[in-house]
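What's counted below: heavy atoms across the whole structure, side chains too, no hydrogens, waters or symmetry copies.
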Amino acid sequence: MQSFVKKFAVVAGVVAAACTAVPATQAVAAVTTCPGTEIRNYGLPKLLSNSLGEQAGVLRLWYSSANGGTNCAKVYDNASGSHSMSVSIRTERMTTPVTDSGTFSTYAGGVVVTRTDGLCIYVSGSLSLGIGSVNQFRASAGPVACG
């Protein structure tokens, strides 16, 4: 029995060491310019659509190899004036996305997560042009850019 306990303790220690060696994904404050190259596959960039299939605005995603992989997302508005917009990004390991929301005249974001190499990314965005479902535009993508 004592031999089993020692073996179990060694295995548990190795597993704990392996788990703590993986760097956590980090959120970064919103940035004006997204670093890296815009991703142009996985259905991105993606147009925001309302309940009637009409489109307004676009969801965009960038990738840079800096900081163990950096992803950045923005929602762009193609309507004149200021509107309520939101953009969110997360990795498969994050339970809470990094979000930028408010009233903007051009875009929401960029929202950034780092240490994303080897992880799948989930992004979403919304744009409100007024009251009612026909004035609410949304898009999401994920899992994308896995690896």
Could you check if a side-chain atom of [X] sits within less than 4.5 angstrom of a side-chain atom of [Y], using non-hydrogen atoms only?
| X | Y | answer |
| --- | --- | --- |
| Asn71 | Leu61 | yes |
| Met85 | Ser126 | no |
| Ile89 | Cys72 | no |
| Thr103 | His83 | no |

Self-check item: Closest non-hydrogen atom pair, Glu92 against Cys120
Solution: OE1-N, 2.5 Å
Exercise. Grab the two heavy atoms, one from Leu129 and one from Ala56, that are nearest each other, plus how far apart they are.
Key: CD1-CB, 4.1 Å
Quiz prompt | Same apolar cluster (I L V M F W Y, side chains within < 4.5 Å links), Val112/Tyr122 | solution = no
Quiz item: Are Tyr76 and Val87 connected in the hydrophobic side-chain network, where two residues link if heavy atoms are under 4.5 Å apart?
Solution: no
Practice problem: Report yes or no: do Tyr107 and Asp100 form a side-chain donor-acceptor pair below 3.5 Å? | Solution: no
Quiz item: Between Ser88 and Thr99, does any side-chain donor sit less than 3.5 Å from a side-chain acceptor?
Solution: yes
Practice problem: Give the intermediate values and the outcome of side chain to side chain contact (heavy atoms under 4.5 Å, CB included) for residues Tyr63 and Asp117. | Solution: CA-CA 10 Å; Tyr63 172 78; Asp117 283 351; 2.5 Å; yes
Between [X] and [Y], is there a donor-acceptor pair closer than 3.5 Å when you use the side chain of the first and the backbone of the second?
| X | Y | value |
| --- | --- | --- |
| Lys74 | Trp62 | no |
| Asn78 | Gly57 | yes |
| Asn50 | Gly53 | yes |
| Gln55 | Leu48 | no |

Exercise. Quickly, which of Leu59, Val58, Asp77 forms a side-chain contact (heavy atoms from CB on, under 4.5 Å) with Leu127? Name it, please.
Key: Asp77
Quiz item: Checking side chain to side chain contact (heavy atoms under 4.5 Å, CB included) for the pair Val113/Met94: CA distance, chi angles, key distance, verdict?
Solution: CA-CA 10 Å; Val113 289; Met94 297 171 68; 3.8 Å; yes
Quiz item: Atom OG1 in Thr116, atom CG in Leu119: separation rounded to 0.5 Å?
Solution: 6.5 Å
Quiz prompt | CA sep, side-chain torsions, deciding dist, call: Ile121, Ile39, side chain to side chain contact (heavy atoms under 4.5 Å, CB included) | solution = CA-CA 12 Å; Ile121 304 299; Ile39 295 175; over 6 Å; no
Practice problem: Evaluate the side chain to side chain contact (heavy atoms under 4.5 Å, CB included) criterion for residues Arg40 and Arg60: first the C-alpha distance (whole Å), next the side-chain angles of each, then the deciding distance (0.1 Å), finally the verdict. | Solution: CA-CA 9 Å; Arg40 294 190 174 271; Arg60 297 183 181 275; 4.0 Å; yes
Side-chain donor-acceptor distances from residues 132-145 under 3.5 Å, at least two apart:
unit_1: Asn135; atom_1: ND2; unit_2: Ile131; atom_2: O; d: 2.8
unit_1: Gln136; atom_1: OE1; unit_2: Ser128; atom_2: OG; d: 3.2
unit_1: Gln136; atom_1: NE2; unit_2: Ser128; atom_2: OG; d: 3.2
unit_1: Gln136; atom_1: NE2; unit_2: Gly130; atom_2: O; d: 2.6
unit_1: Gln136; atom_1: NE2; unit_2: Gly132; atom_2: O; d: 3.3

